Asker: 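The following block contains the structure, expressed as C-alpha cells.
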Amino acid sequence: MEKGEISDVLGEIAILLELKGDNPFKIRAYQSGQRALDTLEEELGTLIGESRLGEVKGIGKALTEKIETLFNDEPLPFYDDLLASVEPGLIEMLEIPGLGAKKIRKLHDELGVDTIGSLTRVCESGEVAKLAGFGAKSVEKILSGIQNREAYSKRHLWWIANETAQPILEGLRDLPQVARAEAAGSLRRKMETVGDLDFIAASDEPEAIMDWFVSLPDVREVSGHGKTKSSVRFESGMQADLRVVPPDQFVFALHHFTGSKDHNVAMRSRALSKGFSLSEWGLRTEDKEAMAVDTIEDEEQLFKLLDLNYIPPELREGLGEIESAEAGQLPELVQDKDLKGVFHNHTHASDGDHSIEEMTQAAQDRGWDYLGLADHSKASFQTNGLDEARVEEQIEKMHAVNASGQFKCHVFTGIECDILKDGSLDLDDSTLEKLDYVVVSVHSSFTLSEEEMTQRFIKAIEHPCSTMVGHLTGRLLLKREPYLVNIEKVVDAAIANRVIIEMNAHPQRLDMDWRHWKRAASKGLLTSVNPDAHSVFGLQYASAGINACRKGWLTADSVFNTWPIEKIKSYLAGR
DNA sequence: GCCGTTTTCGGCCCGACTGTTTTCAGTCG
C-alpha cells in the first residue's frame, strides 16, 4: 500500500474508534500518527527498511506494526474487524454540522439510523425531536446540514479564500470599535487549501462587531451568534468564524488560532518547561496567577518570552520550527520582493491569452528585470503546442522584442517541452539547443507505475538540454491526485544533473509540494518560482509560489529567479 | 495509543456556544 493510502486508513481508524466511543486519547494517537506519516521527511520504505519508523514522534510500537503490515500489503484484521463493526452510513453523518460521534451513536442505537436516508426519514417523522438531548432546532439543523453536505465539507484554494477574507478584514479594521484585527488559521499559515476563515479582533465592545459580522453580504446562514464568537456560512459554502477578545489578549488569541495544532502543542509544552501555562487567554504562571500580559504587544515578544526567535506563521506546522528558533537557526525566508523575474509563462502561440509584448510589458510593470516565456511543445496537441519550425519562429520573435529596445524587461527564450511516455523529449535536440532554457513537463500517460514514472523523469532530467522540471506531480488541488513518482529519487537526479525543480506557483498546483523542500534544498536542490501564467493576470500567481516556498523553509539563495539577470545569464550559458 | 529534564504509569488543552436543559452534555476549534 502507498503511504497516502496508509494515512487514509489511520484516519479512518480514528473515525471508526470515535463512532464506537473508544478512548479519546487513543483516537488522538491515530490522528497524530496520521499527521506524522503525512509529514515524513524521508521515504516510508526507507524508514521501514532500516527499522526506524518507531523513532518518528507520534508513531509508537502499535502504529509501527500496523503501518508496516499495510505497507507490505498484508491483511490487518484489527482494521477489517473495525470496519465491519460500523455501518458505513454513520461515517458520512460526521460531515453534518452539529452531529458528532455520540449523537450519531444515539440515533443509531435508539432509532436504528444507519444511512443519511434513514436519518432524513426519522427527522421528518418527528422521532428525533422526541429523543433526549435533541429538539426541534436540532432537527432543523440536521436537515439543513444534509441538504448542504457537499458544499459544507469542501475545502477552498488558498487564493480564493484569501480573496474572500481580505475585504472582510478591511471591513473589520474600519469599525470604530476594533483596535486590531487579523485573519488567523490556515489562511495565515498560507496552507495551499483552507477549510474555513478565522478572524480575530481586539475590542472592548464585542457585541457591535458580532452584529456587523453576521450581517455581511453573501451570508447564507448564521450558524453561531454569541457575545464574543460568531460563525457564518457564505453563499459559496465557505464558513467564517470571528472571535473578539479584549486587546490585552489579542496576541495570545491570534497565536492560538493561527495554529497549527502541532505547533501549539509544542509551544504549550515549551511554556510549561519554563514554568508558564500558555493558552489563547494569555500566559500564566503555573499556579494560575495571571502574569503581566499587558506587556506583550506582538507575537515577537511572546516568542521572546519563551526564549525563541520569531517564527513566521508559514513555519508553524510542528516540523522542527521551535527547535530551530531556539537555536537561532530559522531561515530568512524568501519574499515577494526578492523576485527579479519569472520563468515558465505562456503566450497565445500555444494556449496563453496574450502576446509576447503584452506579457513582457506586464512583467515589466511588476518591476521584474526578466521574463521567461515557455509555450507548450507539439505533443500537447490540445494546447496548440509548437513544433520545431514554430519554436524557431517564436525564438526569432522573442529576440526581436529584446532587440527592439521597447522594454527594460529582458525576455528569456524557453519552451515547456513534453516528456514523452518513454522519458524522451518532444522536440529535436538541435531546436532545444537554440533556447535559453527548457522546462520539461509531463502532460500525458499519467497512470504509469511509480517505477516507470520515476525513470521517465530521471531520463528527462539527464537530457543535457533540460533546465528545469515543470509541475513535478501534476496534482490539481481539490481536483486531481498527483501521479505516482518517487520524489526522493527525482530530487537526487535533479541535484546530480544540476537541474532545477520548479515551484509551480499556480494556486491550484503549488507543485512540488512545500513539504519536500526543506530536505531537498538542504541537499542542494534549486527551485524557480514559476507562475505558469497563461495571461498577464496569471503573473500575480508568483506570490502564491512564494508562499509555498516559505512553507518549505526556502531562503532566496535556493530560488533561482531571485538572482540578478547577469547571474541568470551566466548560469544558463554555462549549461 | 503515545510519551518521558516529575520516565514504564498516568496524563493527554480547554473554553465558547448551542440546544436542551433547570445545571449540563455535546460539538467545535
Side-chain angles (χ1 to χ4, degrees), chain A residues 10 13-14 17-19 21-37 53-67 78 82 93-107 128-142 145 152 184-187 194-200 206 210 214 222-233 239-245 249 252-253 255-284 286 288:
Chain A
L10 295 186
I13 289 174
L17 291 174
E18 197 180 352
L19 285 168
D22 211 315
N23 176 359
F25 299 108
K26 187 168 163 180
I27 295 165
R28 193 184 301 169
Y30 276 95
Q31 289 166 338
S32 58
Q34 180 187 24
R35 275 199 305 279
L37 194 61
L53 186 57
E55 292 170 17
V56 177
K57 195 170 153 57
I59 299 180
K61 194 160 168 285
L63 281 179
T64 299
E65 280 177 17
K66 293 190 173 79
I67 293 169
F78 168 78
L82 197 56
M93 285 180 211
L94 280 170
E95 289 171 14
I96 301 169
L99 283 190
K102 290 189 176 164
K103 287 194 166 177
I104 290 172
R105 254 174 44 231
K106 186 156 194 161
L107 289 164
V128 173
K130 287 184 208 140
L131 223 50
F134 291 81
K137 285 207 173 174
S138 309
V139 170
E140 196 185 319
K141 199 169 168 187
I142 292 171
Y152 286 1
S186 46
L187 185 82
V194 171
D196 49 26
L197 307 178
D198 289 297
F199 297 98
I200 313 289
M210 291 289 123
V214 299
V222 177
S223 39
H225 186 174
K227 283 207 256 312
T228 63
K229 185 189 159 190
S230 290
S231 299
V232 299
R233 181 87 63 179
Q239 173 160 315
D241 298 337
L242 169 64
R243 288 177 178 77
V244 178
V245 298
Q249 285 175 10
F252 300 98
H255 177 265
H256 173 83
F257 289 106
T258 296
S260 66
K261 203 183 173 88
D262 291 342
H263 172 84
N264 286 352
V265 168
M267 282 289 281
R268 289 219 167 112
S269 87
R270 181 170 181 91
L272 281 176
S273 75
K274 301 257 169 202
F276 300 123
S277 161
L278 175 65
S279 76
E280 62 264 51
W281 311 111
L283 195 64
R284 292 163 191 277
E286 268 184 309
K288 302 290 178 192

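Please read all numbers here as calculations on a predicted model, not as lab measurements. Residue numbering restarts at 1 for every chain, and letters A, B, ... go by the order of the sequence lines.
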Asker: What pair of heavy atoms forms the shortest contact from A/Ala136 to A/Ala129, and how long is it?
Answerer: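 Looking at all heavy atoms of both residues, the shortest contact is N-CB, 4.4 Å.
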Asker: Starting at CD of A/Glu55 and ending at C1' of B/dC2, how long is that distance when rounded to a whole Å?
Answerer: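 It works out to 16 Å between those atoms.
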Asker: Distance check, C1' atoms only: B/dT5 and B/dC14, in whole angstrom units.
Answerer: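 The answer is 26 Å between these two C1' atoms.
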Asker: Roughly, in whole Å, what's the span from CG in A/Asp262 to P in B/dC12?
Answerer: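 Atom-to-atom, A/Asp262 to B/dC12, this comes out as 18 Å.
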Asker: Mind checking A/Ala101 for me? I need base, sugar-phosphate or nothing, with any heavy atom below 4.0 Å counting as a touch.
Answerer: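 Sugar-phosphate contact only - A/Ala101 comes under 4.0 Å of backbone atoms but never of a base.
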Asker: For the pair made of CZ in A/Phe134 and P in B/dA25, what is the distance, rounded to whole Å?
Answerer: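 Value for this atom pair: 15 Å.
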Asker: For the residue pair A/Leu107 and A/Leu99, what are the closest heavy atoms and their distance?
Answerer: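 Answer, listing the atom of A/Leu107 first, then A/Leu99: CD1-CD2, 4.2 Å.
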Asker: Mind checking who B/dC9 pairs with, Watson-Crick or G-U wobble, both distances under 3.5 Å?
Answerer: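 With both distances under 3.5 Å, B/dC9 matches B/dG4.
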Asker: Between A/Arg243 and A/Phe199, is NZ or CZ placed under 6.0 angstrom from the six-membered ring centre and within 45° of the ring axis?
Answerer: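 No, A/Arg243 does not lie over the aromatic ring of A/Phe199.
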Asker: Does the side chain of A/Pro97 reach to within under 4.5 Å of the side chain of A/Arg233, using non-hydrogen atoms?
Answerer: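 Answer yes - side chains close enough.
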Asker: Which heavy atom in A/Gln239 sits nearest to a heavy atom in A/Ser223, and how many Å separate them?
Answerer: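 In terms of heavy atoms, the two residues are closest at OE1-OG, 4.1 Å.
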Asker: Could you verify whether a donor N or O on one side chain and an acceptor N or O on the other, from A/Arg268 and A/His256, lie under 3.5 Å apart?
Answerer: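 Result is yes, a qualifying pair exists.
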Asker: Which nucleotide sits closest to the side chain of A/Leu63: B/dA16, B/dC2, B/dT20?
Answerer: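 Shortest atom-to-atom distance from the side chain points to B/dC2.
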Asker: Salt-bridge test for A/Glu280 and A/Lys229: reply yes if a basic N is under 4.0 Å from a carboxylate O, no otherwise.
Answerer: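 Looking at A/Lys229 together with A/Glu280, the answer is no, because their closest N to O distance does not fall below 4.0 Å.
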Asker: Taking only the side-chain nitrogens and oxygens of A/Ser279, find out if one of them lies under 4.0 Å from OP1 or OP2 of B/dG15.
Answerer: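 No, outside the criterion.
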Asker: Tell me which nucleotide among B/dG1, B/dC17, B/dC13 gets nearest to the side chain of A/Lys261.
Answerer: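 The answer is B/dC13, which lies nearest to the side chain.
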Asker: Please report, rounded to the nearest Å, how far the P atom of B/dC2 is from the CD atom of A/Gln34.
Answerer: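 After rounding, the reported distance stands at 14 Å.
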Asker: What is the separation between atom CG on A/Leu37 and atom C1' on B/dC2, rounded to the nearest whole Å?
Answerer: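 The answer, rounded to whole Å, is 16 Å.
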Asker: Can you pull out every salt bridge (charged side-chain N to carboxylate O under 4.0 Å, His left out) where at least one residue sits in residues 23-32 of chain A? Sequence neighbours excluded, please.
Answerer: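 Found A/Asp22-A/Lys26.
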Asker: Using the C1' atom on both, measure B/dT8 against B/dC3 and round to a whole Å.
Answerer: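 These two C1' atoms come out 10 Å apart once rounded.
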Asker: Taking the C1' atom in each of B/dT20 and B/dT27, what is the distance between them to the nearest angstrom?
Answerer: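 My reading of the C1' atoms in B/dT20 and B/dT27 gives 13 Å.
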Asker: Side chain of A/Lys26 only, heavy atoms from C-beta on: which candidate in B/dG29, B/dG1, B/dC13 is closest?
Answerer: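 The nucleotide sitting nearest to the side chain is B/dG1.
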Asker: Determine the Euclidean distance between corresponding C1' atoms of B/dC2 and B/dT7; express it in Å to zero decimal places.
Answerer: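 Between the two C1' atoms, the distance is 13 Å.
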Asker: Taking atom C1' in both B/dC13 and B/dG29, what distance in whole Å separates the two?
Answerer: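 Between the two C1' atoms, the distance is 11 Å.
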Asker: Pick the P atom in B/dT22 and in B/dC28, then give their distance to the nearest Å.
Answerer: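 Approximately 23 Å lies between the P atom of B/dT22 and that of B/dC28.
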Asker: Counting only side-chain N and O atoms of A/Arg28, is one of them less than 4.0 Å from OP1 or OP2 of B/dC13?
Answerer: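 Yes, A/Arg28 has a side-chain N/O under 4.0 Å of OP1/OP2 on B/dC13.
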Asker: Starting the side chain at C-beta, find the nucleotide from B/dA16, B/dT18, B/dC2 nearest to A/Thr228.
Answerer: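 For A/Thr228, the side-chain atoms sit closest to B/dA16.
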Asker: Can you figure out which of B/dG1, B/dC13, B/dG29 approaches the side chain of A/Asn23 most closely?
Answerer: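 For the A/Asn23 side chain, the nearest candidate turns out to be B/dG1.
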Asker: As a test of reading the structure: which of B/dC17, B/dG1, B/dT27 is closest to the side chain of A/Lys103, going by heavy atoms?
Answerer: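 Minimum distance to the A/Lys103 side chain belongs to B/dT27.
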Asker: With DNA chain B as reference, determine whether A/Ser32 or A/Lys102 sits nearer its 5' end, using the nearest nucleotide of each.
Answerer: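 The residue closer to the strand's 5' end, by nearest nucleotide, is A/Ser32.
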Asker: Between A/Gly135 and A/Gly98, just flag the one whose closest nucleotide in DNA chain B comes earlier from the 5' side.
Answerer: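 Of the two residues, A/Gly135 wins.
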Asker: Classify A/Pro97 by what it touches in the nucleic acid, base, sugar-phosphate, or nothing, heavy-atom distance under 4.0 Å.
Answerer: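 Counting heavy atoms under 4.0 Å across all strands, the contact made by A/Pro97 is with sugar-phosphate only.
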Asker: How far, in whole Å, is B/dT23 from B/dG19 if one measures between their C1' atoms?
Answerer: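 So the two C1' atoms sit 13 Å from each other.
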Asker: Which whole number of Å gives the distance between the C1' atom of B/dT18 and that of B/dG11?
Answerer: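 It comes out at 30 Å once rounded to the nearest Å.
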Asker: Hey, does A/Phe252 have a side-chain heavy atom less than 4.5 Å from the side chain of A/Leu278?
Answerer: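 Yes; the side chains approach each other to less than 4.5 Å.
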Asker: Which of the following nucleotides, B/dT18, B/dG29, B/dG1, is nearest to the side chain of A/Phe25?
Answerer: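 Given the options B/dT18, B/dG29, B/dG1, the side chain of A/Phe25 is closest to B/dG1.
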Asker: Give the rounded distance in Å between these two atoms: NZ of A/Lys106 and P of B/dT20.
Answerer: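 Rounding to the nearest Å, NZ of A/Lys106 and P of B/dT20 are 12 Å apart.
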Asker: Phosphate oxygens OP1/OP2 of B/dT20: is one of them under 4.0 Å from a side-chain N or O of A/Ser138?
Answerer: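 Yes.
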Asker: What does A/Lys66 touch in the nucleic acid at a heavy-atom separation under 4.0 angstrom: a base, only the sugar-phosphate, or nothing?
Answerer: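 A/Lys66: backbone/sugar contact only, no base atoms under 4.0 Å.
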Asker: Could you please name the option among B/dG1, B/dG19, B/dA16 that lies closest to any side-chain atom of A/Lys137?
Answerer: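 Of the options given, the side chain of A/Lys137 lies nearest B/dG19.
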Asker: Do any N or O atoms of the protein come closer than 3.5 Å to N or O atoms of nucleotides 3-5 of chain B, and which pairs are they?
Answerer:
{"residue": "B/dC3", "atom": "OP1", "partner": "A/Gly58", "partner atom": "N", "Å": "2.4"}

Asker: How many Å lie between CZ on A/Arg268 and C1' on B/dG11, as a whole number?
Answerer: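 Atom CZ in A/Arg268 sits about 16 Å away from atom C1' in B/dG11.
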Asker: Do you know which two heavy atoms are closest between A/Gly133 and A/Lys103, and how far apart they sit?
Answerer: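 Reported closest heavy-atom pair: O-NZ, 4.1 Å.
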Asker: CD1 of A/Ile104 versus P of B/dG26: gap in Å, rounded?
Answerer: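 It works out to 13 Å between those atoms.
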